[in-house]
Amino acid sequence: MSQILSLEESTTVIYPSEDGEPLAETYDHMYAILMTLEVLRQYLSGRQATVLADQFLYYSQGFPRLRVAPDVMVIFNVSPGGRDNYKIWEEGEVPTVIFEMTSPSTRSQDMEFKKTLYEQLGVEEYWLFDPRGEWIPEQLRGYRLGNEVYELIEDSYSVALGLRLAVEERLISFYRGDTGERLLLPEELRVAWQQERERAEQERERAEQERERAEILAAQLRALGVEPEA
């Protein structure tokens, strides 16, 4: 008796993790992607969330051609760490925030296809960053999902992230909504860590010097027949 196999049983669907395309078209766009990725990864460290950059987002099971590669995407309520690609049906969560580092050559796709797609998928916030200010005069423009359609964010505040966004030179800067503190870039974090390490070492040396002075003083008092107070 012949047996008819279903498409799922007889065909292995391949979901590629790369397409050979470059990460970004210019250094400014690439640097903005990498810095946004690292700053948000550090900010969300220890939380059930992941931040991915330039990796395929598959949104329709069984159809590997239906994919997009957001420059940076933040997904909450998933295990931390990297992925080769992101399949919505496997993870069970749609990205919460997506950033696209845009340019005149990607303007149409970013403002039409991707904006409509992210809106339909239910991505809460969609941010466009034009590091060179080539078509977005203010360089940064955000949209928030409201009544199933995107509405322009007027105050540059990300409710989903709890951060205020600002443009500083050709990067997005992030400020905590609760303290106003700016999130440090990786190099700034390294410098701050080094400074804190040096400060702690100086404190240790001062404490050691104080201990040695106290021991010398106690010895001098004993030589005079006076017992130092405990």
Side-chain angles (χ1 to χ4, degrees), residues 22-55 57 69-76 78 80-82 95-107 109-111 114-115 118 123-146 150-199:
L23 173 64
E25 62 181 64
T26 71
Y27 174 83
D28 290 329
H29 290 79
M30 179 183 68
Y31 192 57
I33 290 170
L34 295 177
M35 290 303 100
T36 300
L37 169 69
E38 290 304 318
V39 168
L40 292 179
R41 276 181 6 118
Q42 179 65 30
Y43 172 63
L44 295 171
S45 177
R47 297 176 61 177
Q48 284 297 107
T50 190
V51 186
L52 304 176
D54 194 47
Q55 290 171 286
L57 167 65
D71 286 331
V72 178
M73 55 180 167
V74 181
I75 309 105
F76 288 98
V78 296
T96 305
V97 183
I98 285 180
F99 294 86
E100 295 290 356
M101 310 311 170
T102 189
S103 68
S105 66
T106 65
R107 175 179 180 173
Q109 186 181 40
D110 294 337
M111 280 300 295
K114 287 186 177 180
K115 185 169 179 280
Y118 298 156
V123 176
E124 290 183 24
E125 292 182 0
Y126 176 40
W127 293 87
L128 289 166
F129 180 54
D130 179 5
R132 296 183 171 183
E134 294 175 299
W135 74 269
I136 301 178
E138 66 275 24
Q139 292 180 259
L140 181 68
R141 185 176 296 171
Y143 298 89
R144 183 177 298 118
L145 204 59
Y150 277 136
E151 300 172 353
L152 188 66
I153 297 174
E154 302 285 356
D155 57 3
S156 297
Y157 186 77
S158 170
V159 174
L161 296 173
L163 298 171
R164 181 175 64 83
L165 281 59
V167 176
E168 296 181 2
E169 297 182 353
R170 295 188 174 185
L171 292 176
I172 304 174
S173 290
F174 298 88
Y175 293 81
R176 295 181 64 103
D178 52 358
T179 66
E181 178 185 8
R182 183 172 68 86
L183 303 185
L184 298 181
L185 298 173
E187 178 61 19
E188 293 172 329
L189 277 172
R190 186 193 66 79
V191 171
W193 176 82
Q194 182 64 31
Q195 291 174 341
E196 179 61 24
R197 183 179 179 182
E198 292 173 356
R199 187 197 64 78

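Predicted, not measured: the structure shown is a model, and the values here were computed from it.
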Glu151/Arg144 ion pair, N-O < 4.0 Å: no
Are the side chain of Tyr43 and the backbone N or O of Leu161 linked by a donor-acceptor pair below 3.5 Å? yes
Hey, are the side chains of Ser103 and Thr26 touching, using non-hydrogen atoms and a 4.5 Å cut-off? no
Once salt bridge (charged side-chain N to carboxylate O under 4.0 Å, His left out) is applied, what residue pairs with a partner in residues 42-53 remain, sequence neighbours excluded? none
Heavy-atom nearest pair, Gln139 first then Gly133, reads CG-CA, 3.9 Å
Please tell me if the side chains of Glu124 and Phe76 come closer than 4.5 Å, counting only heavy atoms from C-beta onward. no
Residues Pro80 and Gln48: closest non-hydrogen pair is CD-OE1, 3.6 Å
If the condition is side-chain contact (heavy atoms from CB on, under 4.5 Å), which residues does Ser45 pass it with, not counting sequence neighbours? none
Whether the Ser105 and Glu25 side chains hold a donor-acceptor pair (N or O, under 3.5 Å, no angle test) is what I'd like checked. yes
For the residue pair Thr36 and Asp71, establish whether any side-chain heavy-atom pair is separated by less than 4.5 Å. no
For the residue pair Arg164 and Phe174, establish whether any side-chain heavy-atom pair is separated by less than 4.5 Å. no
Applying side-chain contact (heavy atoms from CB on, under 4.5 Å), name anything that partners Asp155, two or more places apart in sequence or on another chain. Ile153, Tyr157
Flag this pair as yes if the NZ/CZ of Lys115 is under 6.0 angstrom from the six-membered ring centre of Tyr143 and inside a 45 degree cone about the axis; otherwise no. yes
What verdict does the side chain to side chain contact (heavy atoms under 4.5 Å, CB included) test give for Gln109 and Glu100, after you've listed the backbone C-alpha separation in whole Å, the side-chain angles of each residue and the deciding distance to 0.1 Å? CA-CA 10 Å; Gln109 186 181 40; Glu100 295 290 356; over 6 Å; no
Tell me, do Pro131 and Tyr31 make a side-chain contact under 4.5 Å, heavy atoms counted? no
Within 6.0 Å of CD in Glu168, more than 12 heavy atoms from elsewhere: yes
Identify, with sequence neighbours excluded, every residue that meets ring pair (Phe, Tyr, Trp, His ring centres under 6.0 Å) alongside Tyr175. none
Side-chain contact test, heavy atoms from C-beta onward, threshold under 4.5 Å: evaluate it for Leu145 versus Val123 and give yes or no. no
Contacts of Asp28 meeting salt bridge (Lys or Arg N to Asp or Glu O under 4.0 Å) (sequence neighbours excluded), chain-then-number -> Arg132, Arg170
Would you say the side-chain atoms of Gln42 pair up with the backbone N or O of Pro186, donor to acceptor, closer than 3.5 Å? no
Among residues at least two apart in sequence or on other chains, which ones pass side-chain hydrogen bond (donor to acceptor under 3.5 Å, both in side chains) with Tyr126? none
Restricting to non-hydrogen atoms, name the atom on Thr102 and the atom on His29 that form the minimum distance, rounded to 0.1 Å. O-NE2, 2.9 Å
For the CG atom of Leu128 and the CG atom of Leu140, what is their distance to the nearest 0.5 Å? 8.5 Å
Mind checking the CG-CG spacing from Leu40 to Leu52? Nearest 0.5 Å is all I need. 11.5 Å
Can you find a heavy atom in the side chain of Glu138 that is under 4.5 Å from one in the side chain of Val167? no
Where do Leu163 and Arg176 land on the side chain to side chain contact (heavy atoms under 4.5 Å, CB included) test, with the steps shown first? CA-CA 5 Å; Leu163 298 171; Arg176 295 181 64 103; 4.3 Å; yes
Of all the heavy-atom pairs spanning Gly142 and Leu152, show the shortest one and how long it is. O-CD1, 3.5 Å
Under 3.5 Å: donor-acceptor pair, side chain of Thr50, backbone of Gly81: yes
Kindly compute the distance separating CG (Leu171) from CE (Met101), expressed to the nearest 0.5 Å. 9.0 Å
What is the distance from atom CZ of Phe99 to atom CD1 of Ile172, rounded to the nearest 0.5 Å? 5.5 Å
Measure the shortest side-chain to side-chain distance between Lys114 and Thr106 over non-hydrogen atoms and say whether it is less than 4.5 angstrom. no
Straight-line distance of Glu187 CD to Glu38 CD, nearest 0.5 Å: 13.0 Å
So, taking the atom named CD1 in Ile75 and the one named CG in Leu44, what distance separates them when rounded to the nearest 0.5 Å? 10.5 Å
